[in-house]
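Worksheet: the structure to be examined is printed underneath.
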Amino acid sequence: MPRLFSSLKSKFLFFFSLIFGVTLLIHFLYLTPLIKERELEETIEFQGHLAQQLQITLENSFQKTINELEAITFLIEKTGMEQENLDRILTEMDAVTQFFNYHFILDAEGYWLSRPSKPDMVGKRLSNRSWVNEALAAGKTSFLDVHQAQTSKALVTGFVTPIHDAAGQTLALMRGVYVISEENSLLKQVKSLKFGKGGYAYIVDSTGRLIVDPKISLHYENFTQYDFKELPPVARVLKGESGSVEFEDEGSLWVASYRPIPTTGWGVIVQQPKAEMLKLADEEAGTFGKFIFFTFLLMATMVVILGHYTLRPLSRLAEAIRGGKPCSPDYFPQDEVGLLAGSINTYRENLEDLVVTRTAELEKEVAAHQQAKEILLASEEKYRSFVQNFNGIAFRGNLDFTLVFFHGNVAEITGYSEDEFLSGSIRWDQIIHPDDLASLPGYKELRTVKDYSCSREYRIRHKSGATRWVSERNQNVCDEKGEITWVQGIIYDITRKKQEEEEQKLFEQKLQHVQKLESLGILAGGIAHDFNNLLMGIMGHTELAQIKVPPLSPAHDNLRAIQNSTERAADLCGQMLAYSGKGHFVTQALNLNELVHEMTHMLEVSISKKASLKINLDDQLPAFNADVTQIRQILMNLIVNASEALGDETGLISISTGTIECDSRYFEQTLMDKQLPAGKYVYLEVADTGVGMDSETRDKLFDPFFTTKFTGRGLGLSAVLGIIRGHQGGIIVYSEKGKGSTFKLLFPALEDTLPRSLDTSNNNEEQWRGQGTILLVDDDEIVLEVGKEMIEYLGFTVLTAVHGLEALEVFRRQPAAIDCVILDLTMPQMGGEEALVELRKIRPDIRVIMSSGYNEQEISRHFSEQGTVDFIQKPYQIQMLSTKLRDVLGG
């Protein structure tokens with residue numbers, strides 16, 4: 001080291017500067033490109049995720065549309081081709097469809113059979129249209145390329161499916177027409193999608209022409225004018241490929257992610273200027289570089305300051321020691337340096353005394369060594385006694401695994417006697433489990449490394465054939481020349497410990513899975529409860545608008561579409577509540593066999609044509625309390641899943657019923673979040689011979705929105721789990737990859753109760769009106785507003801309150817004038833439960849209807865001690881409200 005770096009301060013500065021320079025080089029030469037590359041990859045990954053989400057959304061919509069269309073053709077095949085029947089079915093389809101704008105039916109020769117919206121078209125011939133002949137030739141549901149309608153001149157597409165007679169011959173064609181418009185919700189969603197400043201999404205059809213683009217208006221002239229099939233992302237997606245590509249367009253570089261839509265042959269492309277992506281990466285790298293620079297600048301300042309106040313006193317102390325001067329503590333700062341100076345003086349003064357003291361200590365150590373020798377002999381005696389009473393195995397062996405000494409429970413642990421090992425008829429490596437022998441650490445080192453020792457756990461094969469776990473600790477022993485002579489050690493049987501650890505691991509895995517399902521259930525229930533309030537407002541205002549709008553107004557179709565959409569959203573909320581175990585259940589004593597018989601035809605048409613359905617029912621099956629609609633949903637979901645598990649292969653689906661006595665050990669197999677009571681249970685078992693599931697799939701099977709299909713099915717099996725939870729039942733899943741799956745559902749059986757026949761009647765009651773005063777209490781303004789208008793429509797005077805305290809104030813002013821109170825369960829300041837108690841203190845006979853998104857059983861648990869309380873579940877409609885008020889008020 002040159003003279004320049006002879007001091008600690010100069011060395012500190014030199015090495016710090018060196019580290020700083022190396023760090024900057026690493027940053028600019030390695031970290032900056034790495035950060036840019038990572039940022040660009042993350043942006044492209046996000047772009048691909050957007051494209052995939054759009055693909056899934058559109059594909060789901062098309063698949064659902066095909067299912068709707070084929071379901072209607074199936075209905076027509078069953079009900080007949082009469083003109084009146086066709087007009088009625090198409091009118092209903094035009095009103096409720098979420099995808100098509102209208103439908104029409106042609107016969108096999110191309111003549112119009114039915115189009116309710118344009119009855120004057122009936123009888124005209126369309127056989128000159130190319131799609132008619134193509135659809136007749138295809139004989140199955142087909143997707144039509146985008147084209148211009150001859151009558152409306154609109155840009156249209158859609159699906160066409162054949163209607164067959166009993167012999168399988170094509171009777172007619174049914175077409176659903178989809179008008180491609182910027183007002184379409186799916187296309188509007190794509191057109192409005194933007195990210196960054198220049199990122200956007202667009203859709204092309206199977207020929208590469210634009211369907212929707214945020215920069216181009218959607219009409220026929222633009223559709224025919226813009227052809228993008230030569231554009232790299234479009235060319236690839238039209239080949240059915242998925243991925244990302246960089247390309248040049250109009251002088252600019254772009255990065256695009258593309259996904260095909262298999263059902264239609266369309267493609268979804270999401271793209272963004274590459275310059276915009278690189279700008280984000282440059283900003284990220286620059287921010288990181290600034291952080292490194294200012295961090296080192298701060299550290300350099302601290303080094304200079306600390307060096308001045310720390311190294312200077314050390315230099316003075318070094319000079320004093322080198323010059324043989326006293327290191328007076330008064331001359332140095334009152335810190336560690338001062339303490340060091342004082343210590344050096346004290347050491348110098350006491351050095352001679354230490355020499356004398358150490359000599360005396362050495363004499364004592366000699367005496368202690370003799371005493372230690374005697375203690376060692378005593379210790380050896382104790383060790384000998386320990387070995388004789390040892391519960392494991394103590395051994396000494398050669399490097400070829402033959403043993404020269406053995407002591408302990410050899411026969412109990414291995415099944416072989418000590419003589420068998422010592423004679424060489426069996427070596428220790430011969431009883432080690434083959435899977436563990438090659439992977440055991442240390443056996444190579446035992447033969448080659450002196451003074452080597454190790455600990456390990458592995459399996460051995462007992463003489464009886466059983467497998468046991470052992471723990472071994474060993475070390476090498478060398479002779480006087482340092483050569484390895486043998487190996488010695490001890491072995492313990494840890495089989496019981498390993499079994500307990502495995503049982504604990506399985507228990508913890510099941511507990512974590514159950515806790516996860518319970519948490520997801522609470523979340524789903526909360527979201528559905530709040531969303532029901534919003535649906536209440538939409539459904540109520542829509543129904544009131546339908547009443548107010550003249551019958552011949554064109555707005556009726558729009559209002560009916562809104563009503564259908566909100567009812568489907570309410571169904572989704574019902575599935576979320578079912579998953580949380582708080583869905584709306586109307587229970588009765590159910591005959592499970594009768595339910596299966598009733599659904600047999602529906603189940604047979606729902607499964608693959610290559611699947612066989614086998615039904616095994618227990619004739620002595622007792623009843624159990626259940627909601628018939630919910631159990632139908634469970635059975636249908638399981639049968640559809642079983643059919644899809646078979647795919648295109650021939651297979652068997654079986655449905656079995658029976659009873660079983662269950663105890664706590666049996667319930668350990670279930671997936672429920674609480675312990676079920678022991679006793680008799682009715683079971684429903686659905687089994688298939690399909691592809692089966694591995695353990696990873698089984699663990700996620702009941703998670704919301706988890707699916708193994710190309711397109712998701714929403715809350716299917718998770719809703720099944722929630723329904724079973726709401727019925728106080730359990731579910732067990734048996735499945736192995738390639739060996740099929742079995743779902744076994746358990747429901748508490750009823751004693752001495754005959755099951756009722758299923759009620760399939762359709763109750764269409766006439767709307768009832770009354771009079772009087774009703775107090776409506778709800779903290780949601782939307783529910784309060786629409787509820788007030790619905791009650792007034794039924795002939796009542798309405799008073800309102802936004803929480804329990806305000807309701808009490810209103811009620812105290814005129815308790816005798818109020819005929820009924822509709823009370824929300826969950827409100828701020830004072831909830832429904834507390835408000836009910838206070839209302840009945842003022843007037844015990846007041847009639848109260850509790851209103852909530854949760855089910856009636858959930859409400860009953862809250863108000864079991866409050867006497868009779870009626871219930872209406874949100875979102876409710878005018879007919880439901882009319883019926884409930886008539887029942888409560890005795891109208």
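Note that the numbering runs from 1 along the sequence shown for the chain.
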Test side-chain contact (heavy atoms from CB on, under 4.5 Å) applied to Phe100 and Phe159, step by step: CA-CA 9 Å; Phe100 295 119; Phe159 292 89; 3.9 Å; yes
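- Inter-residue side-chain proximity for His727 and Asp627 is flagged as met; some heavy-atom pair is nearer than 4.5 Å.
- Expressed to the nearest 0.5 Å, how far CG of Leu621 lies from CG of Asn593 amounts to 5.0 Å.
- Residues Gln630 and Ile723 come closest through the heavy atom pair OE1-CD1, 3.0 Å.
- Within the 3.5 Å criterion, the main-chain N or O of Leu113 finds a donor-acceptor partner in the side chain of Gln83.
- The line from CZ of Arg843 to CD1 of Ile818 is 8.0 Å long, rounded to the nearest 0.5 Å.
- A 6.0 Å sphere centred on CD of Glu92 holds more than 12 heavy atoms belonging to other residues, nucleotides or ligands.
- For the pair Arg115 and Tyr102, the distance from NZ or CZ to the six-membered ring centre is under 6.0 Å and the angle to the ring normal is within 45 degrees.
- With sequence neighbours left out, the side chain to side chain donor-acceptor pair (under 3.5 Å) criterion links Gln829 to no other residue.
- Side-chain atoms of Asp94 and His103 include a donor-acceptor pair closer than 3.5 Å.
- Put simply, CG on Leu881 and CD1 on Ile849 are 7.0 Å apart, with the number rounded to the nearest 0.5 Å.
- The salt bridge (charged side-chain N to carboxylate O under 4.0 Å, His left out) search around Lys841 returns Glu838, not counting sequence neighbours.
- Between Trp768 and Phe796, the ring planes are tilted. Angles from 30° to 60° get that label.
- The CD atom of Gln877 sits 11.0 Å away from atom OG1 of Thr883, with the distance rounded to the nearest 0.5 Å.
- In this structure, the side chain of Thr600 engages the main chain of Val596 through a donor-acceptor pair within 3.5 Å.
- In this structure a side-chain-to-backbone donor-acceptor pair under 3.5 Å is present from Asn85 to Gly80.
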Between Lys874 and Asp778, is the salt bridge (Lys or Arg N to Asp or Glu O under 4.0 Å) condition met? List the steps. CA-CA 12 Å; Lys874 297 178 185 177; Asp778 202 296; 2.7 Å; yes
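- Asp819 contributes a side-chain N or O that, together with a main-chain N or O of Thr773, makes up a donor-acceptor pair within less than 3.5 Å.
- Remark: of the listed residues Asn101, Ile180, Val179, Val179 is the sole one forming a side chain to side chain contact (heavy atoms under 4.5 Å, CB included) with Val156.
- Summarising the geometry of Val682 relative to Ala623, their closest heavy-atom pair is CG2-O, 4.3 Å, with the distance given to 0.1 Å.
- For Gln53, the side chain to side chain donor-acceptor pair (under 3.5 Å) test picks out no residue, with sequence neighbours left out.
- A distance of 14.0 Å separates OH in Tyr793 from CD1 in Ile791, rounded to the nearest 0.5 Å.
- The two residues Val783 and Leu776 come nearest to each other via the heavy atoms O-CD2, 4.4 Å.
- Here the closest non-hydrogen pair linking Arg812 and Ile842 is CG-CD1, 3.6 Å.
- Minimum heavy-atom separation, Met827 to Val802: SD-O, 4.2 Å.
- The pair Glu792-Lys788 meets the salt-bridge criterion, with a side-chain N (NZ, NE, NH1 or NH2) lying under 4.0 Å from an Asp/Glu carboxylate O.
- In this structure, the separation between OG on Ser851 and CG on Leu823 is 9.0 Å, given to the nearest 0.5 Å.
- Here the shortest heavy-atom pairing between Val777 and Ala807 reads CG2-CB, 3.6 Å.
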